[in-house]
Every structure is written in structure tokens, then in C-alpha cells.
Colleague: 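Okay, handing you the structure first.
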Amino acid sequence: MDKKFIPAQAEGKIYEYWEKNKLFEAKIDPAKKPFTVILPPPNANGNLHMGHAMFVYEDIMIRYHKMKGEETFWLLGLDHAGIETQYVFEKQLQKQGKSRYDFDRETLFKMIWEFVMANKGNIKSQLRRMGFALDWSKEKFTMDEDIVAIVHRTFKKMFDDKLLYRAERLVNYCTKDGTSFSDLEVESKDVDGILYYINFPLEEGGTIPIATTRPETMLGDVAVMVNPKDKRYKHLIGKNVRLPITDRVVPIIADEYVDKKFGTGAVKVTPAHDFNDFEIAKKHKLAYPPVIGFDGRMQNTGVVDGMRVKAAREEVNKRLRELGLLVKETPHKMVVKVCYRCGTTLEPLPLEQWYIKIRPLADKANQMVAEGQIKIYPKRFQKILKRMLDDFIDWNISRQNVWGIRIPAFYCTSKKEWFVTDGAKPDKCMICDGTDFVQDTDTLDTWFSSGQWPFATLQTLGKDYYDYFYPTSVMETGHDILRAWISRMIMLGSYVTDKVQFENVFLHGMVRDGKGQKMSKSKGNVINPIEKIDLYGADALRAALIFGTKEGGDVVLTEDKLIGMRNFANKIWNVGRFIYMCEHKELLPAEQAVEKKDVGSILKELVKETAALDKKGIKNMEAYHFSRTLDDTHQFLWHRLADYYIEELKDELRNGNIEVLEKLKSSYFSCLKLLHPFMPFVTEAVWKVFHGEDSSLLKTRV
RNA sequence: GGAUCUGUAGCUCAGUUGGUUAGAGCGUUCGGUUCACAUCCGAAAGGUCACAGGUUCGAGUCCUGUCAGAUCCACCA
């Protein structure tokens, strides 16, 4: 055996052995209990990041259950990642001086498809570097034809069940990405804005002062609103205001919504570009003429048409100043909604979209969790999930992307009605038998399809697979997508399959740097997992992500920790090396027994302590307290087995005491089994030294 | 404003249904070069477990309050 464990030399060969011998491949075996995990599909054309590295929890579970003798299935899937991918692709186009608008829909789709297919090998090789026991023989892609067919079928079922409806509402629209988002996909950002105080002339003479952060939207105002109890303005309710610049006449209305203390106590109402104003307009039956287009430019104003919003604001302010109506500007801290993808400030715009009626689904989901049909680990997330499900509002699933699953809905232009198919384009209109119909150009929110991922993948593998492996055992993912993904899966799963999609949910924390900061590209503190594997080995990275953490809590990943875990991998190796050398009499006999030791009672203690470790280790694995098993075994192997027992019994070993050797070996093997799910490479390497090249810990039993 | 979580050694964190002298990794100090490992070994220093009450024979652990921080959600033009 080599003096040191060298991951770079060992890992590739070991992984190849696992893969070649099909140790990761799932078979249907009615004699065994199935244990199924669906990998949260990584972006097909992306790179492995620390978030993906955290899927090591899934590998730990898979390997542990494999060693328990269960039929395990870790299903590999890749995600088309709608907006994400289109964004990356469009950036590439931009470099070539082109944009998505230079191509028709079909061409653009085809180009992105080829782009993704060409790049998906990368992420797969990186997943292998992590040592993940994924079943490579049954890879799925979220845009596979059979998956798309299932997603379409679900859409149709919801339409038929009247859970889908179209509505024109304000949506969060990114004028850069050219699509709307659901309420879950927006991020809030604090910005330093300006509150402008403007005097609006009254038709009867005089003015009413209003305060706004967006003067340009004045061009789309339909009213001015005050609180009905506000003595300052009470006498003006029902009177009219002549809007500056455009001279349009709008009424002064009253609503409790207005906070008397804020600004001037009088608000301009722009229903087409403000969520609250939109609600007010609905209530008071006012129109909502949009003055900002989907391209982010002004329209229908007769004043600043074609200008971008910012420029329009300056122009409007300039004119107001000239009129002497812009009387005050004060700094104002405010919150804007930005695109989670590109950071552009989102524009609330009226748009007709498909919505899912969420209450029936969310209520059912809540019930299933409350009944314990789905268990959440760590437990506290159950409360959080309940709250999320309670708060769900109807879900906008229309996206104006090309790269996605096209919505199988068609609009009959003569009857002005929608109909839905199972995906195929019909020969004639299903409403009037005519030919005047067009397909919705929108695609589905990726969460709508990924919300069906576990059952969809298993169904496409065949009924036998579905029957055997579904519902899946554990869904493991970061707690940051509890709302966006887990909750949607629970809702859609029960709706379509009438079962839970998974029996347990395990949520891991976020990876942070040494300063406790979340890793992000903009902060420049991202750690590339592959880089660290090259330096310290996959085992070290894996263990560093688990060691000394609490499940669901955040992980602080530092260079020191990685080094510490690399050292531990080496320690594992060297304990094996020492036992091996004793076994093969490669050590000289001890010179003399300095002191008489009670070998018998030390051995008794060793056996007892090992058994206790084993029992506790298994118990913690079952309770999803994975890191405790790693911590305990680390502590035992290093500071008890190596530092104490081996040191105490060293002379006996060198003098060829077979019983001592066997007991130490047995204790060591127990450690290897407990450690294998966490650090599969070094444990497997040393196992092979003792049991032959064709042996594997994956073939042993805990 | 609402919710959830956290506060333990210099740093990053464990600590299971309450139960002897509170632990790990890294760091610090001192000492070790013969064959398992210097990616190592031995020894040491270092904590009023945020604070104040309460329950209990017994509290880092349970309850209440205070303070500090983190995250998520909702937000006033």
C-alpha cells in the first residue's frame, strides 16, 4: 500500500468500476424494498456549483440504503431551465451581434436545443467527479418528448377540471427578458428613490398636491384618490382634476386605502402600472389604459411615446417644472421588484395569462402534510411549508419564452374562445370546426413541468417502474426552493396521481464562505467544487459539506475544513495500511514488552465501543442525522481506534497476536461501512486492498 | 409589519427524550525525526453556554421576557 491516499489516482478508477459493474443501476426486484430518490435536475448546459455538491446528502442516503439491501434508484435528470438557458443563449447571440428577434420561433428553439445538447456532457462528468451513485442508464431530460406529453396531459386535465382560467391582470414583466414571472420569481431590492410632490390643477381652479415616485405614469392616470376621512380634501371628492401636460380630466375619488399621513395624503391612480392601483380601479370600475409597452417604452401618451421609462420621467419632470407644478423632491427609500434572473426592474403590466386556481390544490397539499403522508425534515420546515401553502395565490403559468414547453391551448378567432388539446395541433377547431384558430405562443413556467418531475419520469420508464418505485422515498433539495418547487410538487402530484410524489422531504442548508456570507457570483466568493476535488479529493469535499453541521442548517465551507477532511481521508487510509502491514508481517516484532497490559479487557472495551458506535450510527442515519454519524465515526476512528486502541495494542500486533488483529480489523471495517456513504472513494479503495479488486462496499451490508 | 431560526472556546460549529468533570475541527503554546500516517503523535492553555427571571432534586437543553443577528414573506403612492 502507498504511504498516502492519492485521490486523483484512485477516484477515476473506482468510479469506473462502480459504473461498469452496474452497481448504480436500478432493477425491479419484488423481493426487495425499493428506495427511490429523484435528483433535482441540474441545468443541462450549466456547471456544477456548491448547491449541486450538496446533493451529496442524496448520495449518502442512496449508498446507505443500498448497503441495507434495498433496491435503490437515484434517477438522473437534466433540466432545460427555460429562462435561465434562454438568457445564456441570448448573451451568446449578443456577442455575435444578433438577438432573438432575428430568428423565427422554430429556428430559435432549434438553435437552443442544439446548444443544450452540445453542452450537457459537462454537467454529467462533473456529477461523476462527486462520486454520485446515479443510475446513468435511465437519464431523463425535462424536454423529452414523453415528458412533454405528460405535462400537456396535465394541462388539459386542469383545463377540463376548470382549474385553469385566463385572466388579464398585472404581471411582473421583465422588459429585458421579454417575459412575465409568477409572484414567486421576483426579488425585492432596496433603492434610493425620489418622492416628487406635484400640484395637480383642479378643474374649478386651485390645485391638489400629490406625491409620487413615478411621475411619468401620470400620463396613464385615471383618477386622484384621497381618504374619505381626510378633512383637507373631503370637499374635493367628486370634483375633477385637469392633469398637467395632457390636460386630461380625471375625477377625485375616495378610498380608505389611502394613508393620510403618507406624502400629501392624495394619490394619483395608475391602474395599468401599479398593483394596488389596479385593484382600486377594479373596485371603482375605472379603465386601465397602459402607457408603458412590453418593450419598456412609453406608448399612447401623445407626449413621450417611444421613450424609455427613465427618459420619459425626466421629460415629464422638465415639463412640470416649466409649468411650476413640480414643487418638491425629497429622497425616498423604496423597494422595487427586480427580475431574479437579470436584475432589471420589473414593470407591472396588464397581460392576459393562464392561471391555476390554487386553493383546491394547496388545501389538499396542506391536508396531506398535516396527516403525515409526507414528512418533512428538519421538522421546522413543516410549519414554514404550511404557511406558504396557506398564502398561495393563483399561479400565473404563462411565460413569453421560446425555450420551454409550449402551452397546448388554441384560440378560436371566430368564437373568441380557448380550447386545449393533449399537445397535438388539431386539424380543425374543436369549438366551431373551423380553421380560424391559433396556438398560444407562450410556454409553461418551468415549475409547472418540474412540479410533475417525479411521477413523470417514472411513468415514462414504464408502468412496472412506476408501480415499483413510486411514490419515491425522499425528495432532497435546498430549503430555498421549498415554496417554488416542493410545494408545487405536492400539489401537482396529488392532483395527477392521487398519491404523494415522495414520502419524505429532506432539506439542506445553504453553503456559506468563511465570513458566513452566501456564495454568489457578484460577491466573488463562489467556490468551484471541481477545483476543490482536484486539490483535496471528492471525499474531502463531501465530508467538509457534512461534518460538524446540523441538518438543514447552513454550511460554512473553508479551506481549513477541506484540508482537515483530506487529512481524515488519509487517516482512514493509514489505519488500513497499518492493519494490512501487521497482517502481512511487514513490521518488525516489538523489541520488548515495557509494561504488562491487560489485553483481554482492552479488546473487550474495543468490541463494546465499536458495537455502540455502530448502533448509534445506524440510528442517526435513520433519523436523518447524517452528520452525527460522520462526526461520531470520525471521532472514534481517529481518536479511539487509532490513537488509543492501536497504540495500546501495537506491540501485540507486531508480535503477531491474531486475536488482536482480528478484533481491530473488525472494528475498522465497521468504521469503513459507516463512512462509505460519506467518503466512498477512500473507503472503497482500502476495502479493495483487503477484499480484492472485485469487491465493493456497495455489495456489503451494514 | 408577520413568520421562522440562531446566540456555546480566538474562529467555524456539534451537543439526541433535561442527568456526572460542556465537545470537535481549525488556530495558539510546549514537547516529540526508528519503520501506519509530519496530511502525524503527546501535552497544555482557553467557555459565568447572549442577558434576566421561572419550572425541576437537577437546565447549554424546557417555559416567559429582554437584547443582538440571520433568513423568508408582505409592504405606502
Side-chain angles (χ1 to χ4, degrees), chain A residues 1-6 183-184 188 193 195-197 210-215 217 221 224-225 257-270 273-277 280 332-335 337 378 380-388 390-391 393 479-480 482-483 509-510 512-518 536-537 540 543-544 547-582 586-588 591 616 619-620 623 625 627-628 630-632 634-635 638-639 642-643 646-647 650 653-654:
Chain A
M1 283 175 86
D2 291 331
K3 205 167 172 179
K4 284 178 187 173
F5 175 68
I6 303 161
D183 55 308
L184 303 196
S188 299
L195 191 59
Y196 301 88
Y197 290 80
I210 63 99
T212 179
T213 54
R214 300 195 64 181
T217 61
D221 282 358
V224 167
M225 181 166 62
Y257 166 78
V258 181
D259 180 352
K260 286 188 280 186
K261 289 189 214 94
F262 189 90
T264 62
V267 194
K268 56 192 270 321
V269 180
T270 321
H273 305 295
D274 181 281
F275 284 93
N276 293 311
D277 291 5
I280 296 286
H332 180 64
K333 294 237 183 274
M334 55 188 219
V335 181
K337 290 177 176 177
R380 65 187 164 96
F381 287 109
Q382 187 170 328
K383 271 185 261 175
I384 296 171
L385 177 63
K386 182 179 184 319
R387 208 182 137 74
M388 288 170 174
D390 286 342
D391 290 350
I393 57 169
H479 65 66
D480 55 333
L482 179 61
R483 194 164 131 108
M510 304 293 110
R512 297 176 176 277
D513 69 4
K515 290 173 194 153
Q517 288 186 311
K518 217 168 163 175
Y536 306 115
F547 189 83
T549 65
K550 186 158 57 179
E551 277 65 36
D554 291 347
V555 193
V556 177
L557 187 66
T558 59
E559 210 71 14
D560 284 344
K561 200 168 176 189
L562 285 160
I563 291 168
M565 289 301 116
R566 176 204 59 184
N567 295 353
F568 179 49
N570 193 55
K571 190 74 190 179
I572 295 171
W573 175 259
N574 267 294
V575 171
R577 179 164 181 249
F578 178 71
I579 292 174
Y580 182 86
M581 288 172 94
C582 292
E586 289 176 15
L587 294 170
L588 298 172
E591 283 171 7
K616 197 174 161 196
K619 194 180 140 201
N620 280 328
H625 294 153
S627 70
R628 289 189 205 167
L630 177 61
D631 292 2
D632 289 345
H634 170 274
Q635 177 64 18
W638 202 319
H639 302 296
D643 291 350
I646 288 182
E647 286 305 322
K650 212 166 200 171
L653 281 168
R654 288 165 69 173

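Chain A is the first sequence line, chain B the second, and so forth, proteins listed ahead of strands; every chain is numbered from 1. This one's a predicted model, so the numbers in the text were calculated from it and none came from an experiment.
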Colleague: Nearest whole angstrom, please: distance from the P of rC11(B) to the CD of Gln517(A).
Modeller: 17 Å
Colleague: Counting only side-chain heavy atoms from C-beta out, which of rC13(B), rA14(B), rC37(B) sits nearest to Lys3(A)?
Modeller: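 Out of rC13(B), rA14(B), rC37(B), the nucleotide with an atom closest to Lys3(A)'s side chain is rC37(B).
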Colleague: Does any N or O in the side chain of Asp274(A) come within less than 3.5 Å of the main-chain N or O of Asn276(A), such that one atom is a donor and the other an acceptor?
Modeller: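 Judged by distance alone, yes, a pair lies under 3.5 Å.
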Colleague: Does any donor-acceptor pair link the side chain of Glu647(A) with the base of rA36(B) at a separation under 3.5 Å?
Modeller: yes
Colleague: Any N or O donor-acceptor pair linking the side chain of Arg628(A) to the base of rU16(B) at under 3.5 Å?
Modeller: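 Indeed there is one.
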Colleague: Looking only at the side chain of Val575(A) (C-beta and beyond, no hydrogens), which of the listed nucleotides rA36(B), rA77(B), rG42(B) gets closest?
Modeller: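 Nucleotide nearest to Val575(A)'s side chain: rA36(B).
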Colleague: Taking the P atom of each, how far is rG47(B) from rC51(B), in whole Å?
Modeller: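 14 Å, rounded to whole Å.
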Colleague: If rA38(B) has a Watson-Crick or G-U wobble mate with both distances under 3.5 Å, name it; if not, just say none.
Modeller: none
Colleague: Using the P atoms only, state how far rU61(B) lies from rG18(B), rounded to an integer number of Å.
Modeller: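 It comes out at 11 Å once rounded to the nearest Å.
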Colleague: So, does the side chain of Lys571(A) form a donor-acceptor pair with the base of rU39(B) at under 3.5 Å?
Modeller: no
Colleague: Can you figure out which of rC41(B), rA14(B), rA77(B) approaches the side chain of Lys550(A) most closely?
Modeller: rA14(B)
Colleague: Measuring from the side chain of Ile646(A) (C-beta onward, heavy atoms only), which nucleotide among rA36(B), rC76(B), rA77(B) has the closest atom?
Modeller: rA36(B)
